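These figures come from a predicted structure and were not determined experimentally. We're numbering straight along the sequence, starting at 1. Only heavy atoms go into these numbers, but all of them, side chains included; no hydrogens, no water, no symmetry mates.
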Amino acid sequence: DEIRIFVKLDGERIADVKFEGEGCAISKASASLMTQAVKGKTIEEAFGQIQKIHDLLTGEHACECSFDTDGEIAALGGVRKFPQRVKCATLAWHALEAALKGEDSVSTE
């Protein structure tokens, strides 16, 4: 899978975020959910969301994530049951983190 993330900042706030790329349904769905989750947030809030997704999918214990508090992003929790698909679900989030840190690329390999 390959995902490119485009982030437009307004100071410390994410004014807009988009993605393009090729990949499986999980990576595209996760990227779409990611854009909705971080648009309008501060960079610090986005890093917090990235960490929450990481914990949700790879943490020793599943983090508390619900549709009531986290919206559709909670659906990603189901991927945890399929370890071989976790990289698909986290790809866009890793790419966003790299972009916010000024890095050019990231690999989940």
Side-chain angles (χ1 to χ4, degrees):
D1 295 2
E2 287 190 18
I3 299 281
R4 285 188 196 96
I5 303 293
F6 302 92
V7 180
K8 180 179 179 183
L9 297 175
D10 182 10
E12 290 293 308
R13 189 160 302 279
I14 298 172
D16 199 12
V17 59
K18 298 178 184 203
F19 77 94
E20 68 178 28
E22 298 295 324
C24 69
I26 292 172
S27 66
K28 288 181 183 180
S30 183
S32 179
L33 290 168
M34 183 262 316
T35 63
Q36 294 172 11
V38 301
K39 186 175 179 180
K41 304 280 193 227
T42 66
I43 293 171
E44 183 178 331
E45 290 170 329
F47 282 130
Q49 190 70 39
I50 292 165
Q51 185 61 52
K52 186 170 190 169
I53 295 301
H54 178 74
D55 292 346
L56 174 68
L57 296 171
T58 65
E60 186 175 320
H61 304 287
C63 79
E64 295 295 321
C65 202
S66 74
F67 285 99
D68 291 336
T69 58
D70 300 293
E72 293 177 347
I73 208 94
L76 290 177
V79 176
R80 182 182 182 88
K81 297 175 186 174
F82 306 95
Q84 69 277 17
R85 305 305 281 176
V86 167
K87 288 182 181 181
C88 302
T90 58
L91 177 61
W93 298 89
H94 286 296
L96 175 64
E97 182 176 29
L100 293 175
K101 289 180 177 179
E103 299 169 358
D104 289 334
S105 65
V106 65
S107 173
T108 59
E109 293 299 320

>> My understanding is that only residues two or more places apart in sequence, or in another chain, count here; which of them pass side chain to side chain donor-acceptor pair (under 3.5 Å) with Glu20?
In response: Arg4
> Hey, quick one: are Leu9 and Leu96 part of the same hydrophobic cluster, counting side-chain heavy atoms closer than 4.5 Å, chains of contacts allowed?
Replying inline: yes
> Excluding sequence neighbours, so at least two apart, what forms side-chain contact (heavy atoms from CB on, under 4.5 Å) with Lys8?
Replying inline: Ala15, Asp16
> How many angstroms lie between atom NE2 of His54 and atom NE2 of His94, to the nearest 0.5 angstrom?
Replying inline: 7.0 Å
> Partners of Glu12 by side chain to side chain donor-acceptor pair (under 3.5 Å), sequence neighbours excluded?
Replying inline: none
>> Donor-acceptor check, side chain of Glu45 to backbone of Thr42, threshold 3.5 angstrom: yes or no?
In response: yes
Donor-acceptor pairs under 3.5 Å, side chain of residues 25-38 to any protein atom, not counting sequence neighbours: which ones?
unit_1	atom_1	unit_2	atom_2	d
Ser27	OG	Asp1	OD2	3.0
Ser27	OG	Cys24	N	3.3
Ser27	OG	Cys24	O	3.0
Ser30	OG	Ala89	O	2.5
Ser30	OG	Trp93	NE1	2.9
Thr35	OG1	Ser32	O	2.7

> With sequence neighbours left out, what residues match Phe82 under side-chain contact (heavy atoms from CB on, under 4.5 Å)?
Replying inline: Gln84, Arg85
> Can you tell me how far NZ of Lys39 sits from NZ of Lys41, rounded to the nearest 0.5 angstrom?
Replying inline: 12.5 Å
>> Let me confirm one number: the CG-CD distance from Leu100 to Glu44, rounded to the nearest 0.5 Å.
In response: 12.0 Å
> Any side-chain heavy atom of Lys52 sitting closer than 4.5 Å to one from Phe47?
Replying inline: no
> How many angstroms lie between SG in Cys88 and CG in Leu76, if you round to the nearest 0.5 Å?
Replying inline: 11.5 Å
> Which pair of heavy atoms, one from Ala99 and one from Val7, lies closest together, and at what distance?
Replying inline: CB-CG2, 4.3 Å
>> Using the side chain to side chain donor-acceptor pair (under 3.5 Å) criterion, which residues pair with Lys81? Sequence neighbours excluded.
In response: none
> Listed by chain and number, what are the side chain to side chain donor-acceptor pair (under 3.5 Å) partners of Arg13, not counting sequence neighbours?
Replying inline: none
> Say you draw a straight line from CD of Glu97 to OG1 of Thr90; how long is it, rounded to the nearest 0.5 Å?
Replying inline: 10.5 Å
> What do you reckon, is CD of Glu103 surrounded by more than 12 foreign heavy atoms closer than 6.0 Å?
Replying inline: yes
> Going from OG1 on Thr58 to NZ on Lys87, what distance comes out if it is rounded to the nearest 0.5 angstrom?
Replying inline: 12.0 Å
